[in-house]
Each structure stands twice: as structure tokens, then as C-alpha cells.
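Quantities reported herein were computed from a predicted structural model and do not represent experimental measurements. All values below come from the heavy atoms of this structure, side chains included, with hydrogens, waters and symmetry mates left out.
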Amino acid sequence: MEKTKSKKKSIGAIIGIIVGASLIILIQQFVFKAPSFDKAMMQAASELNKGCPMIVDQQTRLDNAIVLPGKIFQYNYTLINISKDSIDIQTFTDYMKPLILNNIKTKPDLKAFRDNKVTMAYNYMDKNGVFITKISIKADQYNE
């Protein structure tokens, strides 16, 4: 009878150790590791940055792309012929936002970003490196 109780305690201890170790492994996998899509976004930014700075059009240069916390992918642009004091920021934003939104909704290479509900941010600086505006498009805006 004494041996049976001892064996049950040993089996219980082994099961407890196995369950505890499993929980530790699961916690490490899900809490402390960056989700795989975050890694994919960082890789996309890294690949894009290899070609930067990149002239987009006569007024715009893409300086780089970065990944920010909270599933935000940000493009950093410079308006190469414009100074902040010569631009109406609201008019610029009102003009650019629908173009950016349409681009996000329709570009096939942004499908993974749409599927993963990434906030797309577009940061604009003037020719002197002075901040002009930031246009952010959240998933609920492009998934309408």
C-alpha cells in the first residue's frame, strides 16, 4: 500500500514537471517571440531600404521604410523641391490621402499587409528635412 502511494506521487510529480515545462515553452513561443508577420514586415522594409533613397517622381523621394510597434509600416518621404512654408498642409493631405488609400486597396504587393491589418503610415518631410505631415491609414479604412 505504501509503495502504491509512493508510485502515484512519483507519477504525479513527473506529470507536473512535464505540464510545467510545456507551459514554459508555450509562453516563450507566444509571448517572448515576435510574431512571424512582424518579421516579414521587417524583412520587407529591409529589402525596400536596399534601393533607397529612391526618386518616386519629380517631387518625391522615398528615403526609407521602417516598422513601428503595433503593426505599423511607415514610408518616409522627402518632398525634394518644397519647403514647409510654401505648402498648404491640409490641401496636400486632402489630395494625398485618397490616392494613398486607393493604392493600399489595389496594389497586389500590399495584400499581405491588408490581410494582416497593418496600419500604413506615410511620413513627409520638406527639402530641408523639416516635418510636414504624416498620413496614417488603418485597416478599418482600407477594408471598408
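Transitive grouping of hydrophobic side chains (ILVMFWY, heavy atoms separated by less than 4.5 Å) brings V67 and L62 into a common cluster. One hydrophobic cluster, built from ILVMFWY side chains closer than 4.5 Å, holds both M120 and L99. Put simply, L110 and I72 are part of two different groups of oily side chains (I, L, V, M, F, W, Y) that touch within less than 4.5 Å, one to the next.
Between the side chains of N76 and N64, at least one donor N or O lies within less than 3.5 Å of an accepting N or O.
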Evaluate the criterion side-chain hydrogen bond (donor to acceptor under 3.5 Å, both in side chains) for residue pair T60 and D57; output intermediate values, then yes/no.
CA-CA 5 Å; T60 314; D57 58 34; 3.0 Å; yes
Tell me, with the steps shown, if T133 and F92 meet side-chain contact (heavy atoms from CB on, under 4.5 Å).
CA-CA 9 Å; T133 190; F92 175 78; 3.9 Å; yes
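A distance of 10.5 Å separates CD1 of I135 from OH of Y77, quoted to the nearest 0.5 Å. To the nearest 0.5 Å, atoms CD1 (I80) and CG (N128) are separated by 12.5 Å. For the atom pair NZ (K117) and CG (D140), the distance works out to 10.0 Å, reported to the nearest 0.5 Å. To the nearest 0.5 Å, atoms CG (N143) and CZ (R114) are separated by 8.5 Å. With rounding to the nearest 0.5 Å, the separation of CD1 in I82 from NZ in K127 is 9.0 Å.
Residues N81 and Q59 share a closest heavy-atom pair of CB-OE1, 3.4 Å. Heavy atoms only, all atoms of each residue included: R61 and P53 are closest at CD-CB, 3.6 Å. Between A45 and A65, the shortest heavy-atom contact is CB-O, 3.7 Å.
Taking 4.5 Å as the limit, every side-chain heavy atom of L79 sits out of range of all side-chain heavy atoms of K84. Side-chain contact between N49 and C52 is present, with at least one heavy-atom pair separated by less than 4.5 Å. Between L101 and Y142 there is a side-chain heavy-atom pair separated by less than 4.5 Å. Here the side chains of D126 and I87 are not in contact, with every heavy-atom distance at 4.5 Å or above. Considering only heavy atoms from C-beta on, I66 stays 4.5 Å or farther from Y75 through its side chain. Counting only heavy atoms from C-beta outward, the side chains of V130 and M125 never approach each other to under 4.5 Å. Contact check for Y122 versus K134: no side-chain heavy atoms found under the 4.5 Å cut-off. A heavy-atom distance below 4.5 Å is found between the side chains of I137 and I100.
Taking the centre of each ring, Y124 and F131 stay at or above the 6.0 Å mark.
Within a 6.0 Å sphere centred on CD of E47, heavy atoms belonging to other residues, nucleotides or ligands number more than 12.
Relative orientation of the F37 and F113 rings is perpendicular, given thresholds of 30° and 60° on the angle between their planes.
Within the structure, side-chain hydrogen bond (donor to acceptor under 3.5 Å, both in side chains) pairs that include any residue of residues 92-110 comprise Q90-D94 (at least two apart or interchain).
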